[in-house]
Amino acid sequence: MKIFAYGIREDEEPSLKKWEQANPDVEVGFTNNTLTADSARMAEGSDGVVTLQTSDYTREALEVLHNLGIKYISIRNVGFDNFNFQDLNDFGFTLTNVPVYSPNAIAEHAVLLMGRLLRRTPEFAQKIEDGNFTWAPTIGKEYREQTVGVIGTGHIGRVTMQILKGFGCKIVAYDVYHNPEIEKQGLYVDTLEELYKQADIITLHVPLFDSNKHMINDKAIEQMKDGVYIINCARGELIDTDALIKGLDSGKVAGAGLDVIDNENSVFGKKWSSIDNIPNEKIRNLAKRLNVIVTPHSAFYTETAIHNMITTSFDSNKSLIEGLKPDNIVNTNK
Ligand code: NAD
Ligand code: COI
C-alpha cells in the first residue's frame, strides 16, 4: 500500500517518521508542494493521498488524481471549505478530515487575542519601543467584566467557553444546533441579533458555507454594542473586511483579533520585506492598526496539534484503503 502526502513541512516530519515506523506495511511518499494539477502527478502509484492547504483544491488537480486511480483523500485539518463537493463526488473520492486534532490550540489562541486586546498589549509594545514606559492612557479592561458571544458551540467553541468561564466572563452562545450540555447551562440565545445586542466580545467558531459568507457585515456590525471586539479564528470569509474596516474607523468596533482574513492566501504563509510591501491593501490596513491583532492562520499551530493532524490523517487514509469506514468521512460518497 502507498500513501502520498502533499504540503508536508519540516515541523511535521518527525511525527510522519514515527507514523511510518509504526506502519511498516505502508510506503509513504511526500512533497512540500501543495496539491495542484501539476503536483498531482507525483501521486502516481499511490492508493491514497494525504494533504493540507488553505488554497482551493481545483477540479483539475482532483481529475489528475482520479485518472491515476486514486479514490481516497485525507486532509490533515478540520475545515474542508476549500473543496467543491460536486467535484469530489463526480470523481468518486471519499474524503476524511481530522475533526478534533486539538480544539484547545485554537480556543486558547482566541482567548489570548481577546486578552491582548483588552489589555492593549500592541499599544504598550509600541510605547516601550518608543521609550515610553508610562501607564496612561493605555488603561485596560478585565475579562470578568465582559460578556462574550460565542458563535458556534462545536469542538472549538465549547473549549473557548470553558476557558472563558475560568476567567470569569459571562457567556452567551449561538448555534444552529443546540449542544445539550450548553443548553443545560442556559447559555444559548435564539438569534444572532440577540447575541450581538448582549456581547462585548464576539468570537467566531463556525465552519464556512456559501450561506454564512460575510455573516459579519455592515448590518451585523450595526446591531452590535458600541465598542465591541471581534475575534475570528474560524474562516476569513465569515467577515466582510470592508465592513470591519468601516466599523474600526468609526470606533463602533473597538478592536479585532484576526487569525484568518478574507483572501488571506495572497499574504499568509509567505515572508515579506515589510508590512508595507504586502500585496493586499485591506490586510495591510488592518495589520497596521494597534487595536487589531493579525496572526497568519496560526491558531492551530502547536506541537500537539501537528502530531495529531499527521497521525489521524494517515490512520484514516490507511483505513479507507483497507476498505474500512472511519467515522471522520466528510462527503456523501460514503
Ligand atoms: P465543529 O464542527 O465541531 O463545530 C462547528 C459548530 O458550528 C457546530 O456546532 C455547528 O452546529 C455550528 N454551525 C454550523 N453552521 C452554523 C451557522 N451558520 N450558525 C451557527 N452555528 C453554526 O467545528 P470546530 O472544530 O469547532 O471548528 C470550527 C471551525 O474552526 C472549522 O470549521 C474551521 O473553519 C475553523 N478552524 C480554524 C483553525 C485555525 O487554525 N484558525 C483551526 C481549526 C479549525
Ligand atoms: C483547520 O484545521 O481547519 C485550519 O484552519 C488549520 C489550517 C492549517 C488549515
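Counting starts at 1 for both ligands and their atoms, following the listed order.
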Query - Protein heavy-atom partner closest to atom 43 (C) of ligand 1 - residue, atom, separation in Å - result: Tyr101 OH, 3.2 Å
Query raised in the report: Could any protein non-hydrogen atom be found less than 4.0 Å from atom 15 (N) of ligand 1?
Result: yes
Query raised in the report: Is the shortest N/O to N/O distance between Cys233 and ligand 1 below 3.5 Å?
Result: yes
Query raised in the report: Going by distance alone, is a donor N or O of one side chain under 3.5 Å from an acceptor N or O of the other, for Asn328 and Ser316?
Result: yes
Report task. Go through the side-chain N and O atoms of Glu63 and Asn67 and say whether any donor and acceptor fall under 3.5 Å apart. Result -> no
Query - Nearest-contact summary for atom 9 (C) of ligand 2 - protein heavy atom, Å - result: Asn77 ND2, 3.5 Å
Query raised in the report: Does the side chain of Thr96 come under 3.5 Å of the side chain of Tyr72 through a donor N or O and an acceptor N or O?
Result: no
**Report entry** For Val78, the ligand 2 atoms whose distance to one of its heavy atoms is below 4.0 Å
**Finding:** 1 (C), 2 (O), 3 (O)
Query - Salt-bridge contact Glu222-Lys219 (side-chain N to carboxylate O under 4.0 Å) - result: no
Query raised in the report: Got the closest protein heavy atom to atom 4 (O) of ligand 1, with its distance?
Result: Gly154 CA, 3.2 Å
**Report entry** Tyr177: numbered ligand 1 atoms lying under 4.0 Å from its heavy atoms
**Finding:** 11 (O)
Query raised in the report: Side chains of Thr153 and His205: do they bring a donor and an acceptor to under 3.5 Å?
Result: no
Report summary line: Counting heavy atoms under 4.0 Å, the part of Asp175 that contacts ligand 1 is both
Requested in this report: Tell me which protein heavy atom sits closest to atom 18 (N) of ligand 1, plus the residue, atom name and distance to 0.1 Å.
Outcome: Asn212 ND2, 3.9 Å
Query - Asp47 vs Ile3 side-chain heavy atoms within contact, under 4.5 Å - result: no
Query raised in the report: Which atoms of ligand 2 sit under 4.0 Å from any heavy atom of Arg235?
Result: 1 (C), 3 (O), 4 (C), 5 (O)
Query raised in the report: At what distance is the nearest protein heavy atom to atom 32 (O) of ligand 1, and which residue and atom is it?
Result: Pro207 CA, 3.3 Å
Query raised in the report: Nearest protein heavy atom to atom 5 (O) of ligand 2, by residue and atom, and its distance?
Result: His297 NE2, 2.7 Å
Report task. Look at ligand 1 and say whether Tyr301 reaches it with a heavy atom at a distance under 4.0 Å. Result -> no
Query raised in the report: Is Pro103 near ligand 1, meaning one of its heavy atoms is under 4.0 Å from it?
Result: no
Query raised in the report: Has ligand 2 got any nitrogen or oxygen that is less than 3.5 angstrom from a nitrogen or oxygen of Gln53?
Result: no
Report summary line: If you compare Met309, Arg235, Glu237 by their heavy atoms, the one closest to atom 34 (O) of ligand 1 turns out to be Arg235
Query raised in the report: So is Ala234 polar-close to ligand 2, meaning N/O to N/O under 3.5 Å?
Result: no
Query raised in the report: Do Asp90 and Arg59 sit within salt-bridge range, that is, some charged N less than 4.0 Å from a carboxylate O?
Result: yes
Query raised in the report: Touching ligand 1 at all, Asp259? Heavy atoms, strictly under 4.0 Å?
Result: yes
Query raised in the report: Can Asn132 and Thr134 be counted as having a side-chain donor-acceptor contact under 3.5 angstrom?
Result: yes
Query - Phe85-Phe83 aromatic ring centre distance below 6.0 Å - result: no
Query raised in the report: If you measure from each heavy atom of Arg76 to ligand 2, is any distance below 4.0 Å?
Result: no
Report task. Would you confirm whether any non-hydrogen atom of the protein falls under 4.0 Å from atom 7 (O) of ligand 1? Result -> yes
**Report entry** Short side-chain to backbone donor-acceptor contact, Ser298 and Thr295, under 3.5 Å
**Finding:** no
Query raised in the report: Using a heavy-atom cut-off of under 4.0 Å, does the side chain or the backbone of Val176 touch ligand 1, or both, or neither?
Result: both
Query raised in the report: Has ligand 1 got any nitrogen or oxygen that is less than 3.5 angstrom from a nitrogen or oxygen of Ser298?
Result: no
Query raised in the report: Short N/O distance, under 3.5 Å, between Thr54 and ligand 2?
Result: no
Report task. Output yes when the distance from some N or O of ligand 2 to some N or O of Gly79 is under 3.5 Å, and no in every other case. Result -> yes
**Report entry** Parallel, tilted or perpendicular: ring planes of Tyr188 versus His178, cut at 30 and 60 degrees
**Finding:** parallel
Requested in this report: Verify the ring-centre separation between His297 and Phe268: is it less than 6.0 angstrom?
Outcome: no
Query raised in the report: At a 4.0 Å threshold, what atoms of ligand 1 neighbour a non-hydrogen atom of Tyr174?
Result: 19 (N), 20 (C)
**Report entry** Protein heavy atom at shortest distance from atom 6 (C) of ligand 2
**Finding:** Tyr101 OH, 3.4 Å
Query raised in the report: Which pair of non-hydrogen atoms, one from Glu123 and one from Leu290, has the smallest distance, and what is that distance?
Result: CG-CB, 3.8 Å
Query raised in the report: If hydrogens are left out, which of Met215, His297, His205, Arg158 has an atom nearest to atom 39 (C) of ligand 1, that is, the closest non-hydrogen atom?
Result: His297
Query raised in the report: Looking only at side chains, do Asn285 and Arg289 share a donor and an acceptor under 3.5 Å apart?
Result: yes
Query - Side-chain ion pair, Glu181 and Lys184, N-O less than 4.0 Å - result: yes
Report summary line: Per-atom filter on ligand 1: closer than 4.0 angstrom to a heavy atom of Phe209 are 14 (C), 15 (N)
Requested in this report: Starting from atom 22 (C) of ligand 1, find the nearest protein heavy-atom neighbour and note its residue, name and distance.
Outcome: Val206 CG1, 3.3 Å
Query raised in the report: Based purely on interatomic distance, does His155 place a nitrogen or oxygen under 3.5 Å from a nitrogen or oxygen of ligand 1?
Result: yes
**Report entry** Ile171-Leu118 co-clustered via ILVMFWY side chain contacts under 4.5 Å
**Finding:** yes
Query - Any N/O pair Phe300/ligand 1 closer than 3.5 Å - result: yes
**Report entry** Contact partition for Tyr301 relative to ligand 2, non-hydrogen atoms under 4.0 Å
**Finding:** neither
Requested in this report: Quick one: look at Ile156 and ligand 1, take heavy-atom pairs under 4.0 Å, and tell me if it's side chain, backbone, both or neither.
Outcome: both
Query raised in the report: Quick one: do Lys17 and Glu20 make a salt bridge, cutoff under 4.0 Å?
Result: no
Query - Salt bridge Lys282-Asp242, side-chain N to carboxylate O under 4.0 Å - result: yes
Report task. Identify the protein heavy atom lying closest to atom 31 (C) of ligand 1, giving its residue, its atom name and the separation to 0.1 Å. Result -> Val78 CG1, 3.9 Å
Query raised in the report: Will you find, in the side chains of His214 and Glu237, an N or O donor that is under 3.5 Å from an N or O acceptor?
Result: no
